[in-house]
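As the structure is a prediction and not an experimental result, all values here were calculated from the model.
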Amino acid sequence: MQRKNKIEYNEGMKLLIINPGSTSTKISVFEDEKNVFTESVFHDAPELLKYETTNDQLPFRTEVTLSLLKKHGIKIEDIDCFVGRGGCAYSQSEGVMDIDERLYEDTKDDKGGSDHPAKLGVMMAYVLGTKYNKPMYTLNPTNVDEFQDIARITGIKEVYRRAQSHVLNQKGIARLHAKKIGRPYEECSFIVCHIDGGITIAAHTEGRMIDGTEGAGGDGPFTPTRLGSIPLLEFARFVENHGMKEVEAMCSRSGGFVSHFGTSDANKVHALMENGDEHATLVWNAMIYQIAKSVGSMAAVLKGKVDAILLTGGLVRFSDIVDGIKEHCSFIAPIYVYKGEVEQEELCYEALKVLRGEKKANKYTGSPVFSRFSWDH
């Protein structure tokens, strides 16, 4: 079946928002801007580790999505537009993007060099949108690349740092805070910390994320599911003993809390700490410590000119995480907490602008924002 070439907006359109994360599948249905429902299903690591690859999770995550729709009495055939969180294709500029076959294939094949569950949002939206001949979009995938070139360089020629983070929520929270203080996002300098199953910290200035940690690439703080930065020689010895396949899984699915405790459930680890478990206490506090270290590095990127530090994501529900970051980082800038995320709303509202003809969706280019410098071979 061919996709609709022309999108005709009608009042009361139903949008299905699909947001797969490292430890959850969250979906929403909106009728225009009205949130009909939002529900999230938590997936502990042992459940997801049954699947050899992220792509193998697609039928499972699709069934979760369809079951939630059925629970709320909504037929999939009545959805007018499918909007999925994205990532893993070649890096792109920010904004709404039309999901086409090329984006689907490059997402499935991890052309951007990372493997993150966010990719399943694009894949589900494409499969469902194609089946029901409806428009499908993504917005600010994990691989939006706005890095300044100096942030790309490493100590190995032709090995570069990549832009991979929670762009959707980070930019949404940054714009929300800028609006609250009455200033354009493009005139602010923020450090934004997305703290959940995955954790990324980025420096935002003049409307761009110029540097940040690569959460699913073995960079920055460890998390409930990810290994974070590892000393290189220790990492090399681990690879020698365990192989790259296990390491790749630990970058996105089986590192962090999963490695230490066999679970990605932060509630369980926090409960262990509250009950006096020495191992859990040290690991939990080390995660907070590493988040603070990354915030400090982003303050240096911004040369100390930081308007605010913004904390967001599911784990900021734990007051000790917030208090620990404040203890280490309050000297840098005021700290504001935004519990939860704004990803569902961002995905809906920006897609609506395209449906209403207020803006045009980007087309996937099939090539990265950055691939090499002039001196590379």
Side-chain angles (χ1 to χ4, degrees), residues 17-22 83-100 102-104 106-107 110-123 125 137-149 151-152 160-176 178 185-186 188-194 196 198-217 219-220 252 298 301 310 312-313 341-347 349-351 353-354 359-371:
I17 311 301
I18 310 168
N19 187 348
S22 58
V83 189
R85 185 179 173 209
C88 303
Y90 288 120
S91 59
Q92 293 293 299
S93 301
E94 74 164 327
V96 182
M97 187 182 300
D98 188 63
I99 300 176
D100 57 18
R102 189 177 191 182
L103 176 58
Y104 170 80
D106 283 1
T107 298
D110 297 327
K111 291 292 188 180
S114 70
D115 182 25
H116 188 283
K119 67 189 293 189
L120 296 170
V122 159
M123 294 171 68
Y137 302 107
T138 188
L139 169 72
N140 289 345
T142 59
N143 52 357
V144 166
D145 186 350
E146 299 175 327
F147 270 15
Q148 54 186 348
D149 282 345
R152 304 184 191 281
Y160 299 117
R161 296 182 66 246
R162 298 179 305 174
Q164 293 277 351
S165 66
H166 297 88
V167 182
L168 178 61
N169 192 46
Q170 286 218 18
K171 280 188 171 282
I173 291 296
R175 291 185 187 280
L176 175 62
Y185 168 56
E186 292 75 15
C188 297
S189 291
F190 298 138
I191 298 169
V192 186
C193 309
H194 177 104
D196 208 343
I199 298 173
T200 54
I201 295 96
H204 296 237
T205 190
E206 297 180 351
R208 297 172 58 235
M209 298 171 65
I210 63 170
D211 200 347
T213 60
E214 184 184 344
D219 180 40
S252 61
M298 293 303 121
V301 167
L310 310 179
T312 179
E341 301 160 350
V342 295
E343 293 178 343
Q344 306 301 96
E345 292 82 3
E346 286 286 298
L347 287 164
Y349 299 161
E350 293 302 306
K353 290 177 184 177
V354 175
K359 64 165 32 174
K360 290 185 113 180
N362 298 332
K363 295 296 181 183
Y364 176 63
T365 66
S367 59
V369 170
F370 167 85
S371 59

Enquirer: Regarding R161 and D211, does a basic nitrogen lie under 4.0 Å from an acidic carboxylate oxygen?
Expert: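 Yes, this pair counts.
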Enquirer: Roughly how far, to the nearest 0.5 Å, is the NZ atom of K111 from the CG atom of L103?
Expert: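 Rounded to the nearest 0.5 Å, the CG-NZ separation comes out at 13.0 Å.
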Enquirer: Could you tell me whether the side chain of R85 and the main chain of G121 form a donor-acceptor pair under 3.5 Å?
Expert: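 Checked: no pair found.
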Enquirer: Locate the shortest heavy-atom distance separating M209 from A202; write the atom from each residue and the value.
Expert: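 Reported closest heavy-atom pair: CE-CB, 3.7 Å.
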Enquirer: Keeping N143 on the side-chain end and Q164 on the backbone end, is there a donor-acceptor pair under 3.5 Å?
Expert: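 Such a contact is absent between N143 side chain and Q164 backbone.
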Enquirer: Ring-plane angle category for Y364 and Y90, please: parallel below 30°, perpendicular beyond 60°, tilted otherwise.
Expert: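 Ring orientation, 0 to 90° scale: parallel.
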Enquirer: So, using side chain to side chain donor-acceptor pair (under 3.5 Å) as the criterion, who are the partners of E186 when residues are at least two apart?
Expert: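 Side chain to side chain donor-acceptor pair (under 3.5 Å) list for E186, sorted by chain: R175.
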Enquirer: The test is side-chain contact (heavy atoms from CB on, under 4.5 Å); show your working for M123 and T107 and say whether it passes.
Expert: CA-CA 7 Å; M123 294 171 68; T107 298; 4.2 Å; yes
Enquirer: Using the side chain to side chain donor-acceptor pair (under 3.5 Å) criterion, which residues pair with N169? Sequence neighbours excluded.
Expert: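 So N169 forms a side chain to side chain donor-acceptor pair (under 3.5 Å) with H194, T312.
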Enquirer: Check step by step if side-chain contact (heavy atoms from CB on, under 4.5 Å) holds for E350 and K359.
Expert: CA-CA 9 Å; E350 293 302 306; K359 64 165 32 174; 2.7 Å; yes
Enquirer: Parallel, tilted or perpendicular: which one describes the rings of H116 and H166, with boundaries at 30° and 60°?
Expert: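 Ring orientation, 0 to 90° scale: perpendicular.
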Enquirer: Calculate, to the nearest 0.5 Å, the distance between atoms OH and CG belonging to Y137 and D98 respectively.
Expert: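 Interatomic distance, Y137 OH to D98 CG, rounded to 0.5 Å: 6.0 Å.
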Enquirer: I'd like to know if the side chain of E343 and the backbone of Q170 have a donor-acceptor N/O pair within less than 3.5 Å.
Expert: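 Pair absent, no side-chain N/O of E343 close to backbone of Q170.
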Enquirer: Is the count of non-hydrogen atoms from other residues, nucleotides or ligands lying under 6.0 Å from K360 atom NZ greater than 12?
Expert: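 No, NZ of K360 has 12 or fewer neighbouring heavy atoms, counting only those of other groups under 6.0 Å.
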Enquirer: How close do C193 and I201 get, counting heavy atoms only, and between which atoms?
Expert: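 So the two residues come closest at SG-CG1, 3.8 Å.
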Enquirer: Backbone N or O of V369 within a donor-acceptor pair of the S91 side chain at under 3.5 Å?
Expert: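 Judged by distance alone, yes, a pair lies under 3.5 Å.
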Enquirer: So, for I210 and A151, which heavy atoms are closest and what is the spacing to 0.1 Å?
Expert: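 Looks like O-CB, 3.7 Å.
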Enquirer: If the condition is salt bridge (Lys or Arg N to Asp or Glu O under 4.0 Å), which residues does E206 pass it with, not counting sequence neighbours?
Expert: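 With sequence neighbours excluded, E206 shows a salt bridge (Lys or Arg N to Asp or Glu O under 4.0 Å) to no residue whatsoever.
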Enquirer: For R102, give me all partners under salt bridge (Lys or Arg N to Asp or Glu O under 4.0 Å), at least two apart in sequence or on another chain.
Expert: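 With sequence neighbours excluded, R102 shows a salt bridge (Lys or Arg N to Asp or Glu O under 4.0 Å) to no residue whatsoever.
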Enquirer: Could you measure the distance from the CG atom of L139 to the CG atom of L168? Nearest 0.5 Å is fine.
Expert: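 If I round to the nearest 0.5 Å, the distance is 5.5 Å.
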Enquirer: Output all residues satisfying side chain to side chain donor-acceptor pair (under 3.5 Å) with T213, sequence neighbours left out; order by chain, then residue number.
Expert: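 Scan of T213 (side chain to side chain donor-acceptor pair (under 3.5 Å), adjacent residues dropped) gives none.
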Enquirer: To the nearest 0.5 Å, what is the distance between CD1 (I173) and CD (E346)?
Expert: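 Taking CD1 in I173 and CD in E346, the distance rounds to 8.5 Å.
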Enquirer: So, for C88 and K119, which heavy atoms are closest and what is the spacing to 0.1 Å?
Expert: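 Closest approach of C88 to K119, heavy atoms only: SG-CB, 3.8 Å.
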Enquirer: Find the distance between NZ (K171) and NE2 (H204) and round it off to the nearest 0.5 Å.
Expert: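 Result: 7.0 Å between the selected atoms.
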Enquirer: Residues in salt bridge (Lys or Arg N to Asp or Glu O under 4.0 Å) with R162, at least two apart?
Expert: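 Result, salt bridge (Lys or Arg N to Asp or Glu O under 4.0 Å) vs R162: E214.
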Enquirer: Restricting to non-hydrogen atoms, name the atom on N362 and the atom on S93 that form the minimum distance, rounded to 0.1 Å.
Expert: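 For N362 and S93, the tightest heavy-atom pair comes out as ND2-O, 4.5 Å.
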Enquirer: Hey, what do you get for CD1 (I191) to OG1 (T205), rounding to the nearest 0.5 Å?
Expert: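 Interatomic distance, I191 CD1 to T205 OG1, rounded to 0.5 Å: 11.0 Å.
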Enquirer: Of the non-hydrogen atoms in Y185 and G207, which two are nearest, and what is the gap between them?
Expert: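 Result for this residue pair: CE2-CA, 3.5 Å.
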